[in-house]
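Naming: A, B, ... by sequence-line order, numbering from 1 per chain. Only a predicted model underlies this, so the values are computations on that prediction, with no experimental measurement involved. For the numbers below, each heavy atom of this structure counts, side chains included, while hydrogens, waters and symmetry mates do not.
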Amino acid sequence: MLFFGTQDWAAEVLRQMAEDRFFEITHVITQPDQPTGRKQLLTPSPVKQIALAAGLSVLQPTDLKDPSFLRQIKESDAELAIIIAYGRILPEELISITPRGFINVHPSLLPKWRGPSPIQAAIAAGDEKTGISIMLIDTKMDHGPLLAQMEFPLSEDATFINTMKFVEQTAPSFLIKTVKEFVENKLAPQTQNHAEATYCKLLKREDGRIDWNRSAIEIERMVRAYEPWPSAWTTATHEDRTMRFKLLEVKAHPDRDSLPPGTLLRSDDTLFVGTGAGLLQVLSIQPEGKKTLSAQDFLCGYETLLGKRFDG
RNA sequence: CGCGGGAUAGAGCAGUCUGGCAGCUCGCAAGGCUCAUAACCUUGAGGUCGUGGGUUCAAAUCCCACUCCCGCAA
């Protein structure tokens, strides 16, 4: 069996699979070490660290079509491959190497939210539930037949962070159970209903910019969905400088009369911002280069911003 | 050597450019006002200005080194 993965939760899955005698992992494939952090230190991926600790063979190809890499994979005679948060699109000749295909985990209720940011998309859209799908890979993104699916509710205070945490805790055992059933031929792959497919895109920094003309409810969802990346942020002019502010915790008051969009208002120790529909209460906010501040702390030091507006 | 912001009272910040009494808002304490209050008035306590060195009659402020926090980028 081959294991493709890079990010944290893939590492957790790998850790559990490496401990399970059912699986014989021949190669772990992960992204090359990347410079990361403020110091740009060359850092191995979480998956690589787990793999090395478990004594597994690690490959880090920069080119997935590299002939010597493909030959090495073929020679392993792996029956099946698992791919989780690897971070690359796999070429067709690679997918066809393993006789039983590639199994992928996708944190949405496919065919909803195909693409690289399904959890964020579900929260930002206000979905009441989402899920985890396990599927076989085909040539199109998140398009292959489903092996199993589980769903869970998204509450009013669901954030990307707490939802991802839940997925990290839930997905490994679900995946392991599903893979075993698949290997033992107890599962029949089900074709997705392609007509109902929806898509999400790779989020960029600019996607986190708040449009204050949108409703308070929509902005609150965005704040919950986009932390820690790309964060929901806005800008304002403070002491002749344009500063960026990240909104970390907010609460929408859709029924309250609004102010002009983006206007800051103080009410006792509470901070409100006007939106296109309703008021948005800000509970914690982080000025650029500063630590996260509660609304009360923010009001102490940034009082001069009151009555002014965040930029659209 | 990737780029940048920051460290000053319990909290958040100004003051640094141009060296000269340690400030603002909030909080805290006491008193007052009030039917009453989180409101309002008066007073008060609370500081190793991140650390170490240097320049100077004099350093939060200028120079050098260091530690820690954070934003960007990846």
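- Both A/E303 and A/G289 lie near RNA chain B, and the one whose nearest nucleotide falls closer to the 5' end is A/G289.
- Closest approach to the A/E288 side chain among B/rA74, B/rA11, B/rG71 is made by B/rG71 (side chain taken as heavy atoms from C-beta onward).
- A distance of 6.0 Å or more separates the ring centres of A/F3 and A/F23.
- When the nucleotides B/rG6, B/rC72, B/rG12 are ranked by their closest atom to the side chain of A/L293, B/rG12 comes out on top.
- Spacing between atom NZ of A/K246 and atom C1' of B/rC70 amounts to 9 Å, rounded to whole angstrom units.
- A sub-4.0 Å separation between OP1 or OP2 of B/rA73 and a side-chain N or O of A/R205 is present.
- B/rU67: Watson-Crick or G-U partner is B/rA7, with both key distances under 3.5 Å.
- A/Q286 is linked by a side-chain contact (heavy atoms from CB on, under 4.5 Å) to A/K246, A/L248, A/T292, counting only residues two or more places apart in sequence or in another chain.
- The aromatic ring centroids of A/W113 and A/Y199 lie 6.0 Å or more from each other.
- Distance noted for atom P between B/rA11 and B/rC33: 34 Å (whole Å).
- The A/Q34 side chain lies nearest to B/rA74 when the options are B/rC69, B/rC13, B/rA74.
- Between the P atom of B/rC26 and the CG atom of A/L306 lies a distance of 12 Å, rounded to the nearest Å.
- Across the protein-nucleic acid pair, A/L247 atom CG and B/rG71 atom P stand 15 Å apart, rounded to whole Å.
- Pairing for B/rG20 goes to B/rC57, judged as Watson-Crick or G-U wobble with the two contacts each under 3.5 Å.
- For the pair A/Q281 (side chain) and A/H253 (backbone), a donor-acceptor distance under 3.5 Å is absent.
- Rounded to the nearest Å, the gap between the C1' atom of B/rU61 and that of B/rG50 is 16 Å.
- Side-chain proximity of A/W229 to the nucleotides B/rC69, B/rC13, B/rA73 is greatest for B/rA73.
- Applying the side-chain contact (heavy atoms from CB on, under 4.5 Å) rule to A/R21 yields no partners; only residues at least two apart in sequence or on another chain are considered.
- Under the Watson-Crick or G-U wobble criterion, with both distances below 3.5 Å, B/rC1 is left unpaired in every strand shown.
- Residue-level contact check: A/Q286 touches the backbone only, with heavy atoms under 4.0 Å from sugar-phosphate atoms and none from bases.
- Comparing the P positions of B/rC41 and B/rU34 gives a spacing of 16 Å, expressed to the nearest Å.
- For B/rG46 and B/rC64, the C1' atoms lie 34 Å apart once the distance is rounded to whole Å.
- Spacing between atom CZ of A/R266 and atom C1' of B/rA38 amounts to 12 Å, rounded to whole angstrom units.
- Separation of the C1' atoms belonging to B/rG71 and B/rU16 is 22 Å when rounded to the nearest angstrom.
- In this entry B/rG27 has no Watson-Crick or G-U wobble partner, no candidate having both defining distances under 3.5 Å.
- In this structure, A/L305 places its CG atom 12 Å from P of B/rA14, rounding to the nearest Å.
- If you measure from atom CD1 of A/I285 to atom P of B/rC70, you get 18 Å, rounded to the nearest angstrom.
- Ring geometry, A/W212 versus A/F310: the interplanar angle falls under 30°, so the pair is classed parallel (tilted spans 30 to 60°).
- Figure legend. B/rG46 is base-paired to no nucleotide; pairs are counted as Watson-Crick or G-U wobble with both atom distances under 3.5 Å.
- Annotation: B/rU48 and B/rU43 have their P atoms spaced 26 Å apart (nearest Å).
- The CD atom of A/Q296 sits 11 Å away from the C1' atom of B/rG12 (whole-angstrom rounding).
- Taking atom P in both B/rC70 and B/rG12, one finds a spacing of 14 Å when rounded to whole Å.
- Put simply, CE on A/M243 is 17 Å from P on B/rG4, counting in whole angstrom units.
- With salt bridges taken as basic N to acidic carboxylate O contacts below 4.0 Å, one links A/R15 and A/E12.
- Pairing for B/rA38 is absent, with no Watson-Crick or G-U wobble pair whose two atom distances lie under 3.5 Å.
- Remark: the separation of the P atoms in B/rA29 and B/rA39 is 12 Å, to the nearest Å.
- Taking side-chain N and O atoms only, A/Y302 has a distance below 4.0 Å to OP1 or OP2 of B/rC13.
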